[in-house]
Amino acid sequence: CIGIYAGQKGKDGANRKQEKLFSAVAVNGEPKGLIIAEHKMQGSGSDMRLVDPVGSNEDLNQVRSRPMGRAAYCLDMALTLLDEKNEDNDCLQAARCSLAYVCLEKEDYKQALELSKLVVTGAGISGSSNLRSRVRNKRVAAARLYGCEAACALGDKEAALRFLAGDREDPSLERLAVELAGVTVEVSRGDSQIKDETNSRLRRAQRLVRTTASAASAQMNNLGTAKQLAMSAISLEDNLSAVDGGSRSSARQALLYCMLCEGNREGALAVLRSSR
């Protein structure tokens, strides 16, 4: 269900590329401000009643049109069963992490924050398998970004930064990006044998981490750092777009926010022009 929603979200974003999301306010021909158009998320399932039985034609049609409602239901049921049995911690944390994403998309930031905390604190000790350890690290890294985003939305600046930094000996953003990408530290340092796909995955993770960190820094009124992080993420976005058609949105929105906070209208308009 989450995959269906993500696919729909991508198509929706592509269809809206030509829409006017921002309108300039001009006085005597001079730019004086911006009006930002609102966009309501589709397919969240926040205001729908799920049909029965599961797997029926009605259910499948509903999943195609509003997949997140069924995703939330399935994850809630999974958590209920896992809490009762308390046997598979990996599965429990995976369900919590997925539900945190669903809650973010439904703008239920309080629940997303609580679930993210549970994933970060309940990760446990990594297993003996290197792959198993990397999967767990990737899940925790995702939960840190979810938690940071939810904390920012709730206005909890300190919590947002704690999610990014954590309590590790190496709290750097690069380390977080490496874990989110699911690659090893050696790979992130530029081994000559790295495949292009692995490099691309790491750059996408770096873009996400720096964009999220930019938003958190802006919440702390550290606009200088926020702008630097956003511009770094934009550079990564542009490279990804040239290589694999990556999205050009979130990092520019972060930089746009910084410009607006500074009252830099000309700079904000320049960011918007670069998005065309």
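Excluded from the calculations below are hydrogen atoms, water molecules and symmetry mates; all remaining heavy atoms, backbone and side chain alike, are included.
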Atom pair [atom1]/[atom2] of [X] and [Y] - distance to nearest 0.5 Å:
| X | Y | atom1 | atom2 | answer |
| --- | --- | --- | --- | --- |
| Tyr101 | Met68 | OH | CE | 5.0 Å |
| Asn137 | Arg175 | CG | CZ | 7.0 Å |
| Leu256 | Gln253 | CG | CD | 8.0 Å |
| Leu173 | Arg210 | CG | CZ | 8.0 Å |
| Leu81 | Asp76 | CG | CG | 11.0 Å |
| Arg203 | Ser235 | CZ | OG | 10.5 Å |

Quiz item: Will you find, in the side chains of Thr211 and Arg207, an N or O donor that is under 3.5 Å from an N or O acceptor?
Solution: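 Arg207 and Thr211 do not have a side-chain donor-acceptor pair below 3.5 Å.
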
Looking only at heavy atoms, which two atoms of [X] and [Y] are closest? And how far apart?
| X | Y | value |
| --- | --- | --- |
| Cys103 | Leu115 | SG-CD1, 4.0 Å |
| Lys227 | Cys258 | CG-CB, 3.5 Å |
| Ser214 | Ala226 | OG-O, 2.8 Å |
| Ala72 | Val102 | CB-CG1, 4.0 Å |
| Leu79 | Ala95 | CD2-CB, 3.7 Å |

Exercise. Output the rest of the hydrophobic cluster of Leu223: all Ile, Leu, Val, Met, Phe, Trp and Tyr residues reachable through side-chain heavy-atom contacts under 4.5 Å, sorted by chain and number.
Key: none

For the residue pair [X] and [Y], establish whether any side-chain heavy-atom pair is separated by less than 4.5 Å.
| X | Y | result |
| --- | --- | --- |
| Arg64 | Asn61 | yes |
| Phe163 | Leu145 | no |
| Arg144 | Val120 | yes |
| Asp156 | Gln219 | no |
| Gln206 | Glu174 | yes |

Under 4.5 Å between side-chain heavy atoms, counting indirect links through other Ile/Leu/Val/Met/Phe/Trp/Tyr residues: same cluster for [X] and [Y] or not?
| X | Y | answer |
| --- | --- | --- |
| Leu113 | Val140 | yes |
| Leu161 | Val119 | no |
| Leu272 | Tyr257 | no |
| Val209 | Met220 | no |

What pairs with [X] under side-chain contact (heavy atoms from CB on, under 4.5 Å), at least two apart in sequence or on another chain?
| X | value |
| --- | --- |
| Glu114 | Lys117 |
| Ala160 | Cys148, Ala151, Cys152, Ala216 |
| Thr225 | Ser217, Asn222, Leu229 |
| Ala142 | Cys97, Tyr146, Leu180 |

Practice problem: Could you list the residues that satisfy salt bridge (charged side-chain N to carboxylate O under 4.0 Å, His left out) with Arg96, not counting sequence neighbours? | Solution: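 With sequence neighbours excluded, Arg96 shows a salt bridge (charged side-chain N to carboxylate O under 4.0 Å, His left out) to no residue whatsoever.
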
Self-check item: Donor-acceptor contact present, side-chain Ser116 to main-chain Ala112, <3.5 Å
Solution: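 A pair under 3.5 Å: yes.
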
Quiz item: Is there a donor-acceptor contact under 3.5 Å from the side chain of Glu179 to the main chain of Arg134?
Solution: no

Quiz prompt | Derivation of the side chain to side chain contact (heavy atoms under 4.5 Å, CB included) call for Asn264 and Glu266 | solution = CA-CA 6 Å; Asn264 186 349; Glu266 289 76 13; 4.1 Å; yes

